[in-house]
Amino acid sequence: MNFDLSDEQQVVKDLATRIFDDLATPERVRDVCADGGHDADLWQALADAGLLGLCLPETVGGVDLGSGMGMVELCLITEQQGRRVAPVPLACAVVAARCIANFLPAEAELLARFVAGESIITAALAEPGRNDPFTPGITATTVDGGLRLVGDKPAVAALSQATHVLVPARHEDANVVALVETSAEGVHIEALVTTNHESQGHLTIDTVIPAARIITDAAALDQLVWHTLVAHCAIQLGVAEGAVALAAEHVSTREQFNRPLSAFQAVSQRAADGYIMTEALRTTVLNASWQCDHGEDPRADTLAAAYWASEGTQQVVLGAQHLHGGLGADTDHPVHRQFLWGMQYASTLGNASTHLERLGRLIAHG
Amino acid sequence: MNFDLSDEQQVVKDLATRIFDDLATPERVRDVCADGGHDADLWQALADAGLLGLCLPETVGGVDLGSGMGMVELCLITEQQGRRVAPVPLACAVVAARCIANFLPAEAELLARFVAGESIITAALAEPGRNDPFTPGITATTVDGGLRLVGDKPAVAALSQATHVLVPARHEDANVVALVETSAEGVHIEALVTTNHESQGHLTIDTVIPAARIITDAAALDQLVWHTLVAHCAIQLGVAEGAVALAAEHVSTREQFNRPLSAFQAVSQRAADGYIMTEALRTTVLNASWQCDHGEDPRADTLAAAYWASEGTQQVVLGAQHLHGGLGADTDHPVHRQFLWGMQYASTLGNASTHLERLGRLIAHG
Amino acid sequence: MDITESPENVEFRAAARTWLLANATPRTESSVALPLDEHVAAAMAWQKTLQAHGWAGISWPEAFGGRGESSLRASIFNEEMSRFEQTLGPLTVAVGMVAPTLMAHGTPKQQQHLAAILRGDELWCQLFSEPGAGSDLAALATRAELDGDEWVVNGQKVWTSLGQFAQYGILLARTDPTVPKHKGITYFIVDMNDPGIEVRPLVQMTGHAHFNETFLTDVRIPVENVVGEVGNGWAITRTTLTAERSSIAGGGAGWSVEGLIELAREQGRADDPLVRQALARAHSRSEVMRVLNLRLRTAIANKRMPGREALIMKLAYARHWVSTTDSAMSLLGAQGMLAGSDAPHDESWHQAFLNQYAIRLGGGTDEVQQNIMGELGLGLPREPSTDRDIPWKDLPK
Amino acid sequence: MDITESPENVEFRAAARTWLLANATPRTESSVALPLDEHVAAAMAWQKTLQAHGWAGISWPEAFGGRGESSLRASIFNEEMSRFEQTLGPLTVAVGMVAPTLMAHGTPKQQQHLAAILRGDELWCQLFSEPGAGSDLAALATRAELDGDEWVVNGQKVWTSLGQFAQYGILLARTDPTVPKHKGITYFIVDMNDPGIEVRPLVQMTGHAHFNETFLTDVRIPVENVVGEVGNGWAITRTTLTAERSSIAGGGAGWSVEGLIELAREQGRADDPLVRQALARAHSRSEVMRVLNLRLRTAIANKRMPGREALIMKLAYARHWVSTTDSAMSLLGAQGMLAGSDAPHDESWHQAFLNQYAIRLGGGTDEVQQNIMGELGLGLPREPSTDRDIPWKDLPK
């Protein structure tokens, strides 16, 4: 047992830290968010640094899965993304690409383009209302040559930028996942405005997908959902870290009553609370990402992490914003983005209450 | 509209304050709680001062109901009881006596004895498990001359001291309330140890009650439950007040790091939180007691008050205890009793969650 | 004690509701949030309508053009009005803060503004906070120096709500740096059209520029625009801030609970036990505020300063706002994360959720309120401070 | 990173469980809580049994009679043991605090106590807090004056856990009042049978006298009983307190979640959505502690001081305790308010609920932990303090 990062993991983390620190500056993030919410330059830089292919097979230009790069490593990267609130669809896209690598090995060419940064793949997971991604609202019916998918999905990450989208659909009594080209006839995309200003789109679909692009293995949707959720938890961890760092700097430097704000316990204890919550969250996120790579059933661990990520990150970003006073809501100050991101991801693929409900069902019934 | 107490109400409050301050000293409370948990001397003093009959008809030695003395006044008294954590069954007994005055007017002699302090009446309201006092566990069947009551009830206030107990029972499809003599054959009483060391007993019953002592009007149980609950809320208000006062005194006088504890915001803000919560609670308790006397349906107001009383008082007494450090749990320091009382009443006749559940059903369905 | 609504007030409430139904738009039919300039114009027009129909200044003395009725009546009207789309929000500084301050401390000439405020002709802003003086407001550094019949003001203010639209401002400036910080402050009325005033909007994360930075360069204020005595600004500020706190929760919170219940029903979740707990909690919180407001109005009617009640109301309102919008976002699920024209309910819950910071900070942070309550309610000793008795100019900056 | 349990540790855990099943009583079959003296005797007997069967001092160096294995193994054993009735609770000071302190700072002669502690022959208590020195421990006023080969100690201590049963104590006393408060403190071993020591039990609201007041009158301590250097007691205290914090949550919290789930099933409420949320919250909290413990053991294995991890564990454990016992009381409803022999589950939830204060205060209050975390984790400046550089004797008392 060793909870410390391996040397290779530390290299990944350092590399990601450097790229996001260099490229996702507050000014750049502001400009990108005002203009579509997807940072194409940053995306290409991530591709050039090899980070998009890190968790994919060598055959498609990725690092061999055999070397053990997986969700732990992806989470180290998305944590840094969250810390700098960088608008790129990393979590969704890398998890989707891994799903294709696993279940549609014939799509090697697409994956090669993905690894090179030329093709963005996303997945349509969010469901309105009770947030259950395992009961897709899109239905599939058997037709000549494949399945006809009909329905719509709100809030798909980077849909306007994506060349492909994985679409879960209900087919008879089972769920399938279809690989859909966003440029295909019958695929309609509408860009959405979101709380954190990342690119998202509303997908409306009525098209036929050939059988070769349909995954019928139920494990595919499981992997998509749980792994995306874990990668989101890591984003939230980073968001919380960034918020706490900004708050600590603010309260250490801003003076009132002739002393730094941090000399008032009402302030310092709230900042310390944020730090404690963030460290607790780090613990569960690392554990959940490890279980995704190595465990038998990552559900309980992922839900525990997702609960802390939702509930804890909201508390942390709210506290950090509050400690900034009026500055905390000012779009000229970066801390407001930590707030918006914390809130956005706290309601993506479920929220604190739905995570608890699912976890409660798992553990109460043994 | 005038939220201030009337002159008469202020007199009642001042009288109660004086009696409890004089007689329910920490030393006396300690001794009584170590020996049965009922202060007979204090009970007699309350009777002598006219406080037991305050909300009863003049015909039985009480103040005329027409003068408007009712639940508001009873709550002013039980608030003072809670402030001094005085072990007497005021809430239950006065509400029970008012119920008898309303629904069994033939029992005037019993009421006269009650007003004089010679006879204690209680009511068996608490139900184990989900805490629903409207589904009594005792069943009544029709027999010659009355009803035969069979069953048991845990946690009846001052059962060992009471001469009479009002027992709700299920009779066919309705609830009835029976006036039972505790000395009757088939009535078994077992004293219980409780968290706050007030006298309580377990009632086991298998006896026949004559029809003249059976109340079939469903309003009786309603009144018993809602009025007792409101009087308990006022006890909790007093408990919270007492806790906050003790905490304020402690943190203003105890020094650490060469200043009073209250000079640390982590301390002063928690004490202030207690004060704010207590004042919010006062507001809802006064409102609920007023609605019991004058409103059409006191349920929603009572449940809102009961929620704050449970949740809020627990927070307040926990905070007050915490601010006392190790002293807070020491039986030589009075603050531990505020804690024990706060916890006891937070789970009597429901708890925060069950109050919310009932209130939620009332308001969500309109 | 008598908390029943008197027959006269029941009648007043009914009359208010009848008039509002005929002249205003119910809140549930809310249209897309207006751009800020239109929002301000609408509020001023609405105040004009209220005045024209005799519903303005309900609790203002008749001498100032009001109806001279109880503050309870004013709050009954506000409660009814809170269920409609129309709002006087942008006039909070003018109606809720400047007016009570001028009534108490203004000269007859200054009090002439009252009629204009009542008519909806004047929008006011508050020039109190500075980049270096927020919770520690008395540390403010904006200087005013006497030059003949005029004070010459230089400095910078921040969080000036709607400063870009206001005709007048209430301004705190330091007129004597040689005395301790609380003692050298003067309270001014300033004309926002003065050429020395530059207002720079700050965009908040709601997408609106509600707040501004205000730069004052050689702004000249006639001596007759001093409110109260020179150097006595701190005391007058207290009147303004207490008025602010009582006005924050003035309309009650009933509308928000009704909205939440409506949302739960619409989402088919009114029977979900978890949702029911959230609804019941919201109702309980709103009940505290409703009844606390009765206590506050009783205090005013009986000529007591409702200091504690206003502080508790303000804190309770902030907590209610945070918790209720949080419940709404939870009910909306993933949809709640859509913004702008994509947001459900015309973005109203979304905007309310993002605006929570303003409720927590307005009228002083929650922490400041709690400090005051500790002193006021519990007699806790003040925190030790090193700067109360030192001349302002000698304090480290 | 590798958080899988190694095959060797899996085997170790299985062996521990097998041995415990054969030699201990599962926690769910708990009998009525023992009187305190019997509780202490049972713990000492259990330590003796562990020692006899080779399960004591798992992570202690072999030189001190231990097994010289990893601290992770010790915590695996504690996790397994937490599911049984047997507890080493009363030996926390001896095993969890005195032993690590003496290993790090004791003289060879002082370290002879280690063998006796391992055998369960010695109960120790901690004489740190005073009526005037709690969170501000360094303000302690108990004086020790050198008289030949002995220190003569006078003063009063409080919250001495199990002081009425202990043979030895660790004592902080002021040996030099002329230097600032942190610098004049010395750390002693004291024989609790010294005639100058009077221990007066204090009864807590649990009904037990876990804590005591201790009066020291001309207590004579040989100079060889000074731990570390004279005047260096504050630094050594830190070793003791960090050890205390890591030992508080040492056995994990899994047993409490299992107990809560069991209780929910027993009350027929495992399907209630509200209850399920509470169970899931408890599980999530306990998971944080389980994994945090892996981080803590990794730090120890890699020779880093697990300061932050221990602080967070301690805070998390306190919050878990409060919240979990609260959920249990809520599940028990009115029955939860019965005490003593009338309480359900042999009073175990009731006692745990009432004991929450001890978890919150032990090893420093939550607030103290948060202050340290603010400094340690965020580099926040310390609160201004007026007394760090003034000789202790000149401080106002």
Side-chain angles (χ1 to χ4, degrees), chain B residues 1-6 9 72 244-245 247-249 251-252 259-265 267-276 278-284 286-291 294-295 300-301 303-308 311 352-353 355-366, chain C residues 1-6 9 70 72 257 261 264-265 269-273 275-299 301-302 304 308-309 311-312 315-316 366-367 369-384:
Chain B
M1 197 284 301
N2 187 351
F3 208 80
D4 290 346
L5 297 183
S6 69
Q9 288 165 336
V72 171
V244 170
E249 197 200 330
V251 304
S252 299
R259 14 174 178 150
L261 283 182
S262 64
F264 297 93
Q265 283 190 344
V267 168
S268 60
Q269 298 236 327
R270 189 147 186 191
D273 258 349
Y275 177 81
I276 291 163
T278 304
E279 288 308 303
L281 177 56
R282 177 188 313 286
T283 296
T284 60
L286 277 169
N287 176 54
S289 63
W290 173 268
Q291 297 301 335
H294 304 278
D301 294 283
L303 287 167
Y307 163 65
W308 284 111
E311 183 77 22
S353 173
H355 298 319
L356 282 182
E357 169 59 21
R358 282 177 205 150
L359 179 55
R361 253 184 283 159
L362 278 183
I363 61 168
H365 290 205
Chain C
M1 185 176 156
D2 176 1
I3 60 178
T4 324
E5 203 148 279
S6 69
N9 283 346
S70 69
L72 176 63
V257 180
I261 294 174
R265 286 189 184 137
R269 303 209 32 214
D271 282 329
D272 180 325
V275 172
R276 277 206 302 249
Q277 297 252 324
L279 300 180
R281 263 196 209 96
H283 175 82
S284 302
R285 285 190 306 263
S286 137
E287 275 295 290
V288 166
M289 284 181 275
R290 186 182 66 77
V291 188
L292 205 51
N293 187 45
L294 298 179
R295 249 174 95 174
L296 189 147
R297 302 303 152 189
T298 296
N302 294 337
R304 293 193 307 270
R308 298 175 195 204
E309 289 82 0
L311 276 164
I312 298 175
L315 270 171
D366 291 359
E367 289 75 16
Q369 318 275 333
Q370 281 171 288
N371 285 342
I372 302 177
M373 282 312 287
E375 291 171 24
L376 205 66
L378 297 176
L380 299 183
R382 258 174 199 284
E383 263 195 292

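Just so it is clear, the structure is predicted and the values come from calculations on it, not from any experiment. Order of the sequence lines fixes the chain letters, A, B, ..., with proteins taken first and strands second; residue numbering starts at 1 for each chain.
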| query | How far apart are the closest heavy atoms of Ala270(C) and Ala364(B), and which atoms are they? | reply |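 Taking Ala270(C) first and Ala364(B) second, the nearest heavy atoms are O-CB, 3.8 Å.
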
| task | Find the distance between OH (Tyr275(B)) and CD (Gln370(C)) and round it off to the nearest 0.5 Å. | result | 13.5 Å

| field | Toward chain B, the part of Glu367(C) with a non-hydrogen atom under 4.5 Å | value | both

| query | Excluding sequence neighbours, so at least two apart, what forms side-chain hydrogen bond (donor to acceptor under 3.5 Å, both in side chains) with Ser6(B)? | reply | Glu8(B), Gln9(B)

| task | Could you tell me which non-hydrogen atom of Leu359(B) sits nearest to which non-hydrogen atom of Ser284(C), and how far apart they are? | result |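 Looking at all heavy atoms of both residues, the shortest contact is CD2-OG, 3.4 Å.
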
| message | With a 4.5 angstrom heavy-atom cut-off, is it the side chain or the backbone of Asp366(C) that approaches chain B, or both, or neither? | response | neither

| field | Between Ile261(C), Val257(C), Ile372(C), Asn9(C), the one whose heavy-atom pairs under 4.5 Å with chain B are most numerous | value |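 Maximum pair count with chain B is reached by Ile261(C).
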
| query | Do you know which of Ile3(C), Leu380(C), Leu378(C) has the most heavy-atom pairs with chain B at a distance under 4.5 angstrom? | reply | Ile3(C)

| remark: Correct closest heavy-atom pair for Thr283(B) and Val288(C) would be CG2-O, 3.8 Å

| Interatomic distance, His355(B) atom NE2 to Gln277(C) atom CD [nearest 0.5 angstrom] | 11.5 Å

| field | Gap separating the CG atom of Asn302(C) from the CZ atom of Phe3(B), nearest 0.5 angstrom | value |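 Reported value, rounded in 0.5 Å steps: 12.5 Å.
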
| said: Looking at every heavy atom in both Met1(B) and Leu294(C), which two are closest together, and how far apart are they? | reply: CE-O, 3.6 Å

| request: To the nearest 0.5 Å, tell me how far His294(B) NE2 sits from Thr4(C) OG1. | output: 6.5 Å

| Can you find a pair of side-chain heavy atoms, one from Val291(C) and one from Leu286(B), that are under 4.5 Å apart? |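 Sidechains of Leu286(B) and Val291(C): no contact.
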
| request: Find the distance between CZ (Arg295(C)) and CD (Glu279(B)) and round it off to the nearest 0.5 Å. | output: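 Reported to 0.5 Å precision, the distance equals 4.5 Å.
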
| said: Treating Arg276(C) as the side-chain partner and Arg358(B) as the backbone partner, does any N or O pair qualify as donor plus acceptor under 3.5 Å? | reply: no

| query | Between Arg281(C), Glu5(C), Glu287(C), which has the largest tally of heavy atom pairs under 4.5 Å with chain B? | reply |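 The candidate making the most pairs under 4.5 Å is Arg281(C).
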
| message | Please classify the contact between Leu72(C) and chain B as side chain, backbone, both or neither, with a heavy-atom cut-off of under 4.5 Å. | response |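 Answer is side chain: those atoms of Leu72(C) sit under 4.5 Å from chain B.
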
| query | What pairs with Glu249(B) under salt bridge (Lys or Arg N to Asp or Glu O under 4.0 Å), at least two apart in sequence or on another chain? | reply | none

| Tell me, side chain or backbone of Leu281(B) under 4.5 Å from chain C's heavy atoms, or both, or neither? |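 No part of it gets close to chain C.
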
| said: So which residue, Leu315(C), Leu376(C), Asp271(C), ends up with the most heavy-atom pairs under 4.5 Å with chain B? | reply: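 Top count of heavy-atom pairs under 4.5 Å with chain B: Asp271(C).
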
| said: With a 4.5 angstrom heavy-atom cut-off, is it the side chain or the backbone of Arg290(C) that approaches chain B, or both, or neither? | reply: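 Answer is side chain: those atoms of Arg290(C) sit under 4.5 Å from chain B.
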
| Atom pair CG/CG of Leu292(C) and Asn287(B) - distance to nearest 0.5 Å | 11.5 Å

